[in-house]
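Working notes for the structure below.
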Amino acid sequence: MREIIFSKYSNERDRRFSIRTDILEEDGERWLEKTPLYPEGKGHIENMLQWNQKLDALYQAVPFVSNKCEAGEGCVKLEYLEEENLAEYLDDLLEKGREKEAAQKLTEYLENVQKIHSQRPFSMTEEFQRVFGKVTLPENLTCAEITNIDMICDNVLLTSPYTILDYEWTFDFPVPCEFVLYRIIHYYIQTHSVRRALDEEALYGKFGITEEARESFFQMEKSFQAYITGRHVPMREMYADMTPGVQYVSKTNAGALQVFFGEKRGCYQEKNSIKRYMIAGNARCTLELPRKCRFIRLDPGDVPCSVRLDEISFDGKSASLKGAETPDGAIFGYWAFLARLDPCIADIPVPAGAKTLTVRLEICEENVDMLNHVRVLEHKNHSLLQKVGNRAKKAARRIKKLSGGGKKKGN
C-alpha cells in the first residue's frame, strides 16, 4: 500500500501556483508528486512535462539532465533521488577549509550554466515585464530560448550527469543569463554563514555582473516574488498593515520551541523532533541527543522574531554557530534576527560523542521590516569588509613587490 511519508505545502502563493509536494513510498520504492491545490494551478503543474523535454534538449551541450517527470492522476510524478546536492558538497569543502576547491567547483557549474544560456542577445518582451517588471537593465545581456531561473545549488544533485530539480519556474521568453547566474551566487553565499569564506565580489566580477546589474536583478527578483504571490497576501506581509506606525518588542507565547535532530545537514523530520512550550518568551530545556544525531535545528515559535541566545551547549560546552543557517535571518553575537514565519536556526553541528543539548533562549516578536533592515545592513557590512580585505591584500602584495625590488645586492 502506498504511503505519504512527507508533504510540503507551497500555499503562500497565488492560486495559480499553489501546490503540494509529496514524497510517497510503496513496496520500498519512493517517488515525488506535485499536485495543484486549486483548479487554476493545473496548467502550472502540467507545464513541467514540456519543460522536462525542452530543458533536456537545452542541456545536451553540458553535463546536466532535468529530473525525470511523467503525468500522474491530477499531478506530475518525479523521480526520487537521495544524492548529495551541490550546496551540501560546497559546504563540506568550506567547513574543511578548502575554499579554493569550493570556488573552483562553483565556478565550473556557473560556467556550464552560462554556456547554455548565452546563445543570443537579450531583448525585453511584454511577457518578461509581466513577470519581472519594467526594470532598467544593462546592455549586452544574453539569453536562451528557454530558461529555468531556479538553478540554485540546492536544486543540483551530484549525479552523473548532474540532475536539476524543481524546474517549475521555467520561461520560454528571453530572461538574462546573468540574472540566472546572479541568483545562483546570491542564494548560495547569502543564505549560510559558512559560505562567506567565498569571494562573492570576485565571482560576480568573473561573470561580468556589475553592482549596477545586481541592483537591477534585485528589482527583478522582487517583481518575480510579487508575481508568484499575485493577489494572495502572505501572512509574513500582513504584520505591518495590521500594526501601522508601531515599532515594539514583545515577548511571545506564540507556539513552542521545537528542536529537530538530524543525521545529515539540512535533513530534518517531524518525527525526529521535540517540542517545549515557552513561558513569557523564555525557552529552557536540557535534552538527551539521539545516538546518530549530527546536526540540530531550533524553531523558536511561529512568528518573525529576535532571539537572545543565552545558551546553546552540548554537554555544557558552547555550540559553534559558525556554520548555522538562518533562512531570511542573521546572527550577530548573542542575537539572532529571523524575518520569516516558522523561523529557524538550522544545521548546528553536534560534537562527536555529545550526550545532551541545553538550550536557553529569550524570544521576542519583532516588526518584519525592522528584521529585514537588519539583514540588509549585515549584508552591506559583509560586502564592505570583503572589499576592504581584498584591497588590503592587493596593497600588501604591491608593497611586498616594491620592497623586494628595492633591495640592493650586498658588496
For Cys143 and Val175, which heavy atoms make the closest approach, and how far apart are they? CB-O, 3.3 Å

Can you name the residues that form a salt bridge (charged side-chain N to carboxylate O under 4.0 Å, His left out) with Glu101, not counting sequence neighbours? Arg98

Any side-chain heavy-atom pair from Glu221 and His186 closer than 4.5 angstrom? no

Decide if the gap between the ring center of Tyr227 and the ring center of Phe17 is smaller than 6.0 angstrom. yes

Hey, does the side chain of Arg214 reach the backbone of Ile209 with a donor-acceptor pair shorter than 3.5 angstrom? yes

Given the ring of Tyr89, does Lys105 sit roughly above its face, with NZ or CZ under 6.0 Å from the centre of the six-membered ring and within 45° of the axis? yes

Looking at Thr142, is its backbone amide N or carbonyl O close enough to the side chain of Arg120 to form a donor-acceptor pair, meaning the two atoms are under 3.5 Å apart? no

All heavy atoms of Leu49 vs all of Glu70, minimum pair found to be CD2-C, 3.6 Å

For the aromatic rings, using the six-membered ring if either is Trp, is the centroid distance between Tyr268 and Phe295 under 6.0 Å? no

SB check Arg15 Glu40 (cutoff 4.0 Å): yes

Measuring from atom CD of Glu362 to atom CG of Asn282, what distance do you get when rounded to the nearest 0.5 angstrom? 5.0 Å

Arg297: which residues meet the salt bridge (charged side-chain N to carboxylate O under 4.0 Å, His left out) condition with it, sequence neighbours left out? Asp299

Which pairs, with at least one residue in residues 25-38 and sequence neighbours excluded, count as a salt bridge (charged side-chain N to carboxylate O under 4.0 Å, His left out)? Arg2-Glu33, Glu25-Arg30, Arg30-Glu82, Lys34-Asp166

Pairing donors with acceptors under 3.5 angstrom, does anything connect the side chains of Lys100 and Gln104? no

How many angstroms lie between NZ in Lys8 and CD1 in Ile19, if you round to the nearest 0.5 Å? 8.0 Å

Distance-minimising heavy-atom pair for Cys69 and Val76: SG-CB, 3.9 Å

Is it the case that Arg183 places NZ or CZ above or below the six-membered ring of Tyr188, under 6.0 angstrom from the centre and within 45 degrees of the axis? no

Scan the side chains in residues 57-66 for donor-acceptor partners under 3.5 Å anywhere in the protein, sequence neighbours excluded, and list what turns up.
residue, atom, partner, partner atom, Å
Ser66, OG, Asn52, O, 3.2
Ser66, OG, Asn52, ND2, 2.8
Ser66, OG, Asp56, OD1, 2.8

Take Arg340 and Asp342, measure what salt bridge (charged side-chain N to carboxylate O under 4.0 Å, His left out) needs, and give me the verdict at the end. CA-CA 6 Å; Arg340 61 180 282 178; Asp342 294 327; over 6 Å; no

So, are Glu108 and Lys206 salt-bridged, with charged N and O less than 4.0 Å apart? no

Could you tell me if the side chain of Phe6 sits less than 4.5 Å from the side chain of Asp22, heavy atoms only? no

Interatomic distance, CD@Gln114 vs CG@Leu181, rounded to 0.5 Å, equals 6.0 Å

Check: Asn148 side chain, Thr170 main-chain N or O, donor-acceptor pair, under 3.5 Å: no

Side-chain donor-acceptor pair under 3.5 Å between Gln258 and Glu270, yes or no? yes

Ile274 side chain near Phe261 side chain, heavy-atom distance below 4.5 Å: yes

Sequence neighbours excluded, every pair satisfying salt bridge (charged side-chain N to carboxylate O under 4.0 Å, His left out) that has a member inside residues 128-139: none

Looking at Thr163 and Thr159, would you say the former's side chain and the latter's main chain have a donor-acceptor pair under 3.5 Å? no

Quick one: salt bridge (charged side-chain N to carboxylate O under 4.0 Å, His left out) partners of Glu212, sequence neighbours excluded? none

Tell me if a side-chain donor or acceptor on Ser216 pairs with a main-chain N or O of Thr136 at a distance below 3.5 Å. yes

Of the non-hydrogen atoms in Lys42 and Pro36, which two are nearest, and what is the gap between them? N-CB, 4.0 Å

Within a reach of under 6.0 Å around CD of Glu145, are more than 12 heavy atoms found that belong to other residues, nucleotides or ligands? no

Do you know which two heavy atoms are closest between Cys305 and Pro343, and how far apart they sit? SG-CG, 3.9 Å

Describe, in one word, how the ring planes of Trp335 and Phe337 are oriented to each other, choosing from parallel (under 30°), tilted (30 to 60°) and perpendicular (over 60°). parallel

What one should report as the nearest heavy-atom pair of Ile331 and Ala336 is CG1-CB, 4.1 Å

With heavy-atom distances below 4.5 Å as the criterion, would you say the side chains of Ile5 and Leu24 are in contact? no

Parallel, tilted or perpendicular for Phe224 and Phe171, by the 30°/60° rule? perpendicular

In terms of ring plane angle, is the pair Tyr182 and Phe217 parallel, tilted or perpendicular, where the classes change at 30° and 60°? tilted

Give a yes-or-no answer on whether the side chains of Glu366 and Ser306 include a donor-acceptor pair shorter than 3.5 Å. yes

Could you state the interatomic distance from CG (Asn47) to CH2 (Trp169), rounded to the nearest 0.5 Å? 10.5 Å

Given 3.5 Å as the limit, does a donor-acceptor pair link the side chain of Asp347 with the main chain of Gly266, or not? yes

Just how far is it from atom CD1 of Ile116 to atom CD of Glu111, taken to the nearest 0.5 Å? 13.0 Å

Does either side chain, that of Thr358 or that of Glu311, offer a donor lying less than 3.5 Å from an acceptor on the other one? no

Nearest 0.5 Å, please: how far is NZ in Lys96 from CG in Asp91? 12.0 Å

